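Take a look at the structure below.
Numbered from 1 within each chain, the chains take letters A, B, ... in sequence-line order. As a basis for the values below, the full set of heavy atoms in this structure was taken, side chains included, without hydrogen atoms, waters or symmetry mates. In this text the structure is predicted, and so the values were computed from the model without any measurement.
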Number of protein chains: 2
Amino acid sequence: MPRTALTRDEVLDAAADLVKQHGPDALTMRKLAAELGTAVTSIYWHVGNRESLLDALVERTVQEMGAIRPRGRTPADRIVSVARRLRRELRARPHLIAMVHERGLTERMFLPAQRALVHEVHAAGLRGARAADAVRAVQFQIVGFVLIERNRERAPVQSPGEQELWGGHTAGDPAEEDVALARALARPADPEKLFALSVEALVKSLLADRG
Amino acid sequence: MPRTALTRDEVLDAAADLVKQHGPDALTMRKLAAELGTAVTSIYWHVGNRESLLDALVERTVQEMGAIRPRGRTPADRIVSVARRLRRELRARPHLIAMVHERGLTERMFLPAQRALVHEVHAAGLRGARAADAVRAVQFQIVGFVLIERNRERAPVQSPGEQELWGGHTAGDPAEEDVALARALARPADPEKLFALSVEALVKSLLADRG
DNA sequence: ACCTGAACACCGTTCAAGT
DNA sequence: ACCTGAACACCGTTCAAGT
């Protein structure tokens, strides 16, 4: 006996749950069917196939990302605030970052943010191709950083890691004379701080470099 | 009748070929066995299972990356040269970037480059934690950029893309008054140029910001 | 229009058995 | 020490058949 009518949205919701909890690999057509209490093949009627189901999931959350409101007084501050907000949003959806990335939709997801960046860069006095370059440089830096950061979190222990490399004595290295440097590299990086530092440095340089 | 003794290296070579040509998804234990002219199960004896086979492949190419020799007169130039070289090396192994990234080994792959960066940053006069931050900022920027760039290449056509967004009229946008900016954003980005520009801007800012 | 089970062609992996 | 085929438990997808 058939259950209450299955809808496309119901399928997407259940699929999103599976992905959020255990990652995209855990999203199996058969498991999904079991979760929904239907035959595997019913899902195909609603979403086509697994590939387009994942497409729909990604599409959905790209929409959810919404617009970004910059905060701060100077354009530089406001750009940094956009960067921070973007990083936070992305980090809240780790599996989806990966999926969006794998599907090559990172660009599209960043269009709202790009608009905000354009506004701020313009306000800072940059014009034309130089402004476009600045926007893209910042955009690439943010996305790239988050991608790496996610990667780091997933594989926290590596060997030989920075700890082993910079913890010991390495002859002929500048670190040999610079104990503080060696110690800093032996410590795990503080992503929050490194992110702010990087974005600020890049923005400062890009905005100053006009004329 | 069994063929000439199968070796672990033989298995790895054949596997690497499959991955290089058609990506990791194309690496199937059964296809690999067919390629080698053995039973599927023989492969298991030599490499354990598919997972550790991929591990071995990644490990192998991480080794192949080797050391980086900086070029140029000033530390800034030499850092930029390291960045360029790294980007080239990574772009030559697109499928492997993805695999290394997915396995969280990006860090380890970059340790030789990190050494070179430490040397240059030190030569530029940075010390201690500040030097460590600079090294990591540059390192993150390079890796992040290459990850995004690879992503762009794989999905060249997106809709709505930057073209559609910035090609038309968008009321209330700074781009409305700045035709050159809108036109620049409607054009596809030149990754080569954008990369050089970003790294130079970041390095300049990081090296200047001492004291 | 929506759902079903059977069937097909794939997977990775295990295992007892061979030499 | 190395290789084998059979078997198991999974996949995604198609299709003819139901209501």
* Taking every non-hydrogen atom, the tightest pair across A/Met99 and A/Val19 ->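 Heavy-atom minimum between the residues: SD-CG1, 3.7 Å.
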Are there any protein N/O atoms within less than 3.5 Å of an N/O atom in nucleotides 9-11 of chain C, and if so, which ones and at what distance?
| from | atom 1 | to | atom 2 | distance (Å) |
| --- | --- | --- | --- | --- |
| C/dC11 | N4 | B/Arg30 | NH2 | 3.3 |

For the pair made of [atom1] in [X] and [atom2] in [N], what is the distance, rounded to whole Å?
X       : N      : atom1 : atom2 : result
A/Ile43 : C/dG5  : CD1   : P     : 13 Å
B/Leu32 : C/dT13 : CG    : C1'   : 15 Å
B/Trp45 : C/dT19 : CH2   : P     : 19 Å
A/Asn49 : D/dG12 : CG    : C1'   : 9 Å
A/Arg8  : C/dC3  : CZ    : C1'   : 18 Å
A/Glu10 : C/dC2  : CD    : C1'   : 13 Å
B/Leu36 : D/dC2  : CG    : C1'   : 15 Å

* Report yes if a side-chain nitrogen or oxygen of A/Ser42 is closer than 4.0 Å to either non-bridging phosphate oxygen (OP1 or OP2) of C/dT4; otherwise report no. => yes
* To do: Considering just the side-chain nitrogens and oxygens of A/His46, establish if one lies under 4.0 Å of OP1 or OP2 belonging to C/dA1.
  =>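 Answer no for this pair, as no side-chain N or O of A/His46 is under 4.0 Å from OP1 or OP2.
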For residues [X] and [Y], determine if any side-chain heavy atom of one lies less than 4.5 Å from a side-chain heavy atom of the other.
X        : Y        : value
B/Gln141 : A/Ser198 : no
A/Leu126 : A/His122 : no
A/Arg103 : A/Glu51  : yes
A/Arg108 : A/Glu59  : yes

* Is B/Lys31 salt-bridged to B/Glu35, cutoff N-O under 4.0 Å? -> no
* Asked: Between A/Lys193 and B/Asp133, is the closest basic N to carboxylate O distance under 4.0 Å?
  ->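 Yes, B/Asp133 and A/Lys193 are salt-bridged.
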* To do: Could you check which of D/dG12, C/dA6, D/dC3 has an atom nearest any side-chain atom of A/Tyr44?
  =>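 Among the listed nucleotides, the one closest to the side chain of A/Tyr44 is D/dG12.
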* Asked: Is it true that the NZ or CZ of A/Arg87 lies under 6.0 Å from the centre of A/Phe145's six-membered ring and within 45 degrees of the ring axis?
  ->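 So A/Arg87 doesn't make the cation-pi contact.
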* Structure fact -> Per-residue pairing states of DNA chain D in dot-bracket (Watson-Crick or G-U under 3.5 Å; . unpaired, | other strand) read ||.|||||...|||||.||
* Donor on one side chain, acceptor on other, B/Ser52 and B/Asp55, under 3.5 Å -> no
